[in-house]
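A single structure is presented below for examination.
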2 protein chains.
Amino acid sequence: MSKRLGKREWIDAGLKALAAQGVDAVRVEVLAKALGVTKGSFYWHFKNRNALLEAVLDAWKARATNDVIAQVEERNGDARARLRSLFTIVLESDGRLDREIRAWAAKDSAALAAIEHIDRRRLAYLESLFLGLDFTPIEAAARARLVYHALIGQFTMGLPAKPQSRPSKQFEIIFEMLVRNNKT
Amino acid sequence: MSKRLGKREWIDAGLKALAAQGVDAVRVEVLAKALGVTKGSFYWHFKNRNALLEAVLDAWKARATNDVIAQVEERNGDARARLRSLFTIVLESDGRLDREIRAWAAKDSAALAAIEHIDRRRLAYLESLFLGLDFTPIEAAARARLVYHALIGQFTMGLPAKPQSRPSKQFEIIFEMLVRNNKT
DNA sequence: GTTTGCCCATACGGTTGCGTATGGAGATAG
DNA sequence: CTATCTCCATACGCAACCGTATGGGCAAAC
């Protein structure tokens with residue numbers, strides 16, 4: 001029972017609260033109680049609440065960078081297979097943290113910058129996959145945007161009560177539609 | 001200078017604050033200052049803050065009911081034309097209020113119920129449009145979900161800085177893809 | 001011109017949370 | 001053994017809100 005804490009524990013607690021209830025829930029006195037200490041501890045490790053929020057955001061950035069993309073790339077298939085991997089991975093993922101970060105971004109410029117960066121990265125990757133299916137650049141871009149928006153919508157609407165384990169019929173229909181190239 | 005206020009003014013101010021900065025911004029003392037009165041006024045018209053939030057939600061419900069759907073139906077085209085109308089209307093709309101309500105719904109069950117109701121309604125309508133294009137029920141459902149999710153994603157990501165007035169090339173590509181029926 | 005009902009101001013107490021100040025406990029170095 | 005460095009508790013002041021209590025102004029009704 002190492003009673004002594006470090007920044008790490010506070011950041012982890014912050015991430016946990018963030019994922020569970022949003023930024024407004026990551027308050028120092030609340031986290032302190034959750035960690036079994038008092039504010040005295042917090043203000044030794046951090047300048048103020050905002051410093052914690054920055055640290056939490058940085059932690060998420062680091063985490064979101066070796067992202068879904070890396071997982072997809074590990075599976076090493078062609079573009080179509082990778083697209084499929086991407087979908088299944090994303091649809092099975094939790095997404096609460098991302099969702100709260102996005103909600104946070106609506107009011108905080110730092111969070112906004114962070115998530116916009118990630119969004120661009122992911123969109124570019126999606127686009128590259130569609131390009132790998134011999135779509136024209138503009139067709140690839142259009143499909144990438146549609147897919148990305150749909151995924152965001154999926155998670156912001158209702159987090160999948162049951163992260164449906166089996167790819168549904170609807171999923172297959174959508175996937176085929178997105179992948180079909182009429183020019184080849 | 002009608003200094004006297006009614007519930008209406010408070011609800012309008014609440015909706016305004018909600019759309020601009022989210023539920024957490026609709027606070028009685030803040031709205032009071034905005035309206036040029038004090039809390040004394042508020043607590044005469046409403047039991048408490050929650051009563052105002054309920055009223056705001058009800059106002060949104062009433063407003064969201066004669067919805068985009070009605071606007072689309074007024075234009076009186078075939079299914080394809082209606083789908084197009086729907087897209088252009090939605091993409092030109094503001095969406096901030098809906099977005100904040102959705103964010104609100106993540107933490108409040110009443111707001112959740114409200115938006116889920118609207119979501120079902122809109123999804124069903126979308127589905128009916130696709131059915132009108134001779135898709136099978138499951139194909140129609142799949143497309144409806146995809147489209148709806150994409151629209152939600154569109155608005156939650158970044159509110160369209162420029163509500164792009166002209167339907168872009170990407171839009172045309174997506175629209176044709178969604179509408180293409182290989183069986184007919 | 002009172003009375004009554006509607007609308008609001010003022011004042012107060014309570015809660016939650018931030019940030020600071022100060023002191024102490026425990027380990028570690030000297 | 002004591003001095004120092006880490007980490008934390010306690011206590012305080014401050015601010016933003018909520019909700020209540022109370023009294024007053026003003027217009028319509030009588």
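This is a predicted model, so every value here is computed, not measured. To find a chain, count down the sequence lines: A is the first, B the second, and so on, and within it residues start at 1. These numbers come from the heavy atoms of this one structure, side chains and all, not from hydrogens, waters or symmetry mates.
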Open item on the list: Could you tell me if the side chain of A/Trp60 sits less than 4.5 Å from the side chain of A/Ile115, heavy atoms only?
Closed with: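 SC-SC contact between A/Ile115 and A/Trp60 confirmed.
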Open item on the list: With salt bridge (charged side-chain N to carboxylate O under 4.0 Å, His left out) as the rule and sequence neighbours excluded, what pairs involving residues 62-75 of chain A come up?
Closed with: A/Asp67-A/Arg122, A/Glu73-A/Arg82
- [ ] Report the distance from atom NE2 of A/His45 to atom P of D/dT6, rounded to the nearest whole Å.
- [x] 12 Å
TODO: Would you mind building the protein contact string for nucleotides 12-29 of chain D? One character per nucleotide, 5' to 3', B for base within reach (heavy atoms under 4.0 Å), S for sugar-phosphate only, - for untouched.
DONE: -----BBBB----B----
Open item on the list: Applying salt bridge (charged side-chain N to carboxylate O under 4.0 Å, His left out) as the test, list every pair that has at least one member in residues 104-121 of chain A; sequence neighbours left out.
Closed with: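 Pairs touching residues 104-121 of chain A that pass the test: A/Arg102-A/Asp119.
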Task: Protein-nucleotide distance (A/Asp24, atom CG; C/dT16, atom C1'), rounded to Å - done: 13 Å
Open item on the list: Whole angstroms only, please: what is the CG-P distance between A/Leu5 and C/dG26?
Closed with: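 After rounding, the gap between these two atoms is 16 Å.
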TODO: Would you mind reading off the distance between A/Leu31 atom CG and C/dT16 atom P, rounded to a whole angstrom?
DONE: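 It is 16 Å, rounded to the nearest whole Å.
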Name the atoms and distances for all side-chain donor-acceptor pairs under 3.5 Å in residues 136-143 of chain B, with sequence neighbours left out.
residue, atom, partner, partner atom, Å
B/Thr136, OG1, B/Glu139, N, 3.2
B/Thr136, OG1, B/Glu139, OE1, 3.2
B/Glu139, OE1, B/Thr136, N, 3.2
B/Arg143, NE, B/Leu178, O, 2.9

Donor-acceptor contacts under 3.5 Å from residues 24-40 of chain B side chains, at least two apart:
residue, atom, partner, partner atom, Å
B/Arg27, NH1, B/Asp24, O, 2.9
B/Thr38, OG1, B/Gly40, N, 3.4

Open item on the list: Just to verify, what does B/Glu176 make a side chain to side chain donor-acceptor pair (under 3.5 Å) with, not counting sequence neighbours?
Closed with: B/Arg80
Task: Atom-pair distance (CH2 on B/Trp44; C1' on C/dC6), nearest Å - done: 5 Å
